[in-house]
Amino acid sequence: MHRLDFSHERDLSIDDLVRRVESYYPEANFPLLRKAYEFAEKAHKGQKRRSGEDFIIHPLNVALTVGKLRMDLDSIIAGMLHDVIEDCDIAPEVIEQEFSSNIAQIVVGLTKISKIKFKTREESQAENFRKMIVAMAKDLRVIIVKLADRMHNMRTLQYISDGRQKSIAQETLDIYIPLASRLGINSVKGELEDLCLRFLKPDIYYQLAEKVAMKKSERDVYIREVVDLIQEKLQEYSLTAEVKGRPKHFYSIYKKMTARDVDFEQIQDILAFRLIVSNITECYKALGIIHSSFTPIPGRFKDYIAIPKVNNYQSLHTTVVGPKAERIEIQVRTTEMDQVAETGVAAHWRYKEGAASIPSKLGWVQELLEFNYDLKNNSEFMDIVKNDLDVGGIFIFTPNGDVRELRHGSTPLDFAYAVHTEIGNSCVGAKINGKMVPIRSRLKSGDTVEILTSKNQTPSKDWLNIVKTSRARSKIRQWLQKAEREINRDAGISILDKGLRVFSSSIKALKKKNMWNGVLEQFHCKSEDELYVNLGSGKLSIKDIISKTFPPEGDEQESEKKMEVIESYSEKLSQKARQKSSKKNAIIVDGMDDLMVRMARCCNPIPGDQVIGYITRGRGITVHTHQCNRINAREVSREIDVSWNEEFSFTHPVNIRVVTHDKPGVLSLISRRINEININIRSATAKSMPDRKGSFLFEIEVKDYSELLKVINSIEALEEVISVTRI
Ligand code: MN
């Protein structure tokens with residue numbers, strides 16, 4: 001099928017459209033299609049486009065685009081009628097009577113989307129996105145027709161004002177392209193991206209266009225040469241394939257240039273070749289032939305056949321050194337995979353009618369929908385949408401060989417949450433391909449990741465800055481909210497308890513006197529817990545509760561005094577509660593909040609060490625010990641005072657080296673000693689040394705320096721031990 005042409009066809013007629021649809025779908029109901037044309041033509045009579053053309057050329061082109069995606073007739077007709085409700089005041093019932101309820105439903109969905117006013121403010125955008133997903137969830141064909149509509153509008157964008165051009169292009173980039181990508185409609189995605197580049201960054205676009213065009217004839221010769229060469233090699237092994245080559249989309253060249261920060265001249269692999277074969281075995285066979293005929297570039301081979309992308313894309317990708325030492329990208333796939341690659345979910349409706357429901361492979365749409373009802377916060381929803389629409393993930397293996405797909409940039413913490421919420425919540429570290437790494441390391445496709453957990457571990461706010469996947473983020477938020485609620489609840493109970501005691505009463509007494517429900521009602525609390533939580537969080541004041549429950553009587557001065565006692569107690573407690581819940585870093589940096597802080601790897605400080613912060617470029621603050629050699633070599637102007645957060649309780653990994661007399665069983669002796677004082681050992685390695693000595697490296701988890709000292713002292717006390725050093 002290869003790159004569909006979505007150009008605006010200004011002379012397109014209904015006869016052309018019928019002929020084109022006939023070519024792939026001869027049994028379609030053409031009288032109905034012609035009827036739709038006549039209906040739209042009549043409805044839009046007299047309306048003009050900005051280009052001066054009759055309006056009908058727009059729905060005709062949209063219907064054609066839907067046809068190019070090989071969609072069913074309902075969708076093509078909906079494309080033809082997509083603007084009649086909005087622009088011509090045709091009632092949905094009329095469409096239902098004249099055509100069908102399915103077609104009417106798609107047109108209604110399209111009208112709804114067109115009424116959404118996209119705003120730049122993220123919050124309203126989220127709301128719109130949500131509406132759009134709701135609109136398309138009823139019938140996914142809505143979004144496919146909408147993409148066709150957008151494609152044609154982008155294709156004819158030059159006729160409208162500059163300002164509108166930019167805002168429509170931006171909206172396309174923000175909303176429609178991620179959707180097209182997620183739905184796997186790559187032909188539409190690639191075209192829209194190039195069009196966005198043209199209107200959003202015209203300088204770059206035309207520069208690229210010029211450069212790509214400049215060497216066109218030279219390049220065409222080269223492409224032919226490579227195609228012939230590949231064909232020749234394949235024939236040697238009696239393999240037939242369709243082979244095509246083309247320059248990549250401008251946008252993908254542009255992305256490469258910005259990602260690698262290089263000029264056009266330095267981008268080598270701007271040519272892509274595609275081999276279409278008839279079955280999977282031939283795909284791998286063809287790949288083998290390619291790799292034995294050209295030198296493959298290491299690390300560039302991807303097998304999306306064995307592990308398809310989340311949008312069901314399948315293909316083999318590789319980059320090789322072609323003739324004249326040019327790097328060329330080669331994709332190998334079957335005809336069927338090629339259709340899916342170009343038209344994504346649209347392939348689901350190919351040549352068939354009445355498949356309106358969401359295909360089971362698109363469960364994510366359903367998930368997204370269910371998800372959005374739980375979320376109060378729009379920007380949170382936006383996060384999730386943006387994340388989940390971001391295709392192009394990495395594949396990570398569990399130690400058992402199961403595969404999970406995560407988005408680029410994911411960390412072991414994301415992986416832990418992908419495996420199970422509990423594993424995420426108790427994650428203390430991870431091993432990537434058998435090597436210990438911090439939880440914020442970046443994962444690469446193909447990594448095998450083992451998550452280390454600890455019963456004492458709990459999520460912290462800091463983790464929100466580490467994770468990249470929406471699943472992990474929302475699970476961490478959930479946990480933090482629950483934890484904060486519990487802290488507030490406990491604080492609320494003791495505030496109320498104390499307050500009532502001062503007035504010689506108690507919660508129990510209130511309940512006995514049947515006053516309790518009255519209190520809840522008066523303060524609009526649906527449950528006992530809600531009252532405590534509000535009290536602990538400071539939403540309700542204990543003073544209000546007491547004064548309403550025990551109206552002042554007798555000695556005014558005395559009750560005033562009592563009130564003061566209660567208030568100061570409550571203030572202290574709820575403040576403490578708030579402090580507790582806002583503890584997020586092991587380190588406090590003077591006067592600054594929300595800073596990214598990490599422990600230097602060279603000296604690996606733990607609480608109790610004297611520490612100094614060092615401001616790094618773009619990576620927040622690194623904390624070193626005063627003794628660290630590295631810190632001396634640094635610029636003094638970048639140093640900053642930091643201290644340990646005493647509220648923070650968290651175990652830190654520390655390495656210690658133990659040198660012993662070489663005696664049997666000494667490793668287990670030391671391990672037992674460490675375990676006896678309840679210290680967790682993460683790893684232990686042994687090395688034999690000359691002079692009949694043994695050397696062991698332990699990675700242990702301690703809360704602070706004093707705990708480390710305890711460990712060192714108790715190991716040193718062993719007769720077999722010569723020395724213990726922290727490293
Ligand atoms: Mn339209």
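Atoms within each ligand, like the ligands themselves, are counted from 1 in listed order.
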Salt-bridge criterion met for Lys68 and Glu9 (N-O under 4.0 Å)
yes
Here the salt bridge (Lys or Arg N to Asp or Glu O under 4.0 Å) pairs for residues 31-46, sequence neighbours left out, are Asp15-Arg34, Lys35-Glu98, Glu41-Lys45
Show your working on side chain to side chain donor-acceptor pair (under 3.5 Å) between Tyr313 and Arg333 and close with a plain yes or no.
CA-CA 10 Å; Tyr313 175 89; Arg333 54 206 194 209; 2.8 Å; yes
Go through Ser7 and Asp5 one step at a time and tell me if the side chain to side chain donor-acceptor pair (under 3.5 Å) criterion holds.
CA-CA 6 Å; Ser7 311; Asp5 183 1; 2.5 Å; yes
Within less than 2.8 Å of the Mn ion (ligand 1), the count of protein N, O or S atoms comes to 4
Please list, one pair per line, the donor and acceptor atoms closer than 3.5 Å that link side chains of residues 199-214 to other protein atoms, with sequence neighbours excluded.
residue, atom, partner, partner atom, Å
Tyr206, OH, Arg198, NE, 3.3

Applying salt bridge (charged side-chain N to carboxylate O under 4.0 Å, His left out), name anything that partners Asp87, two or more places apart in sequence or on another chain.
none
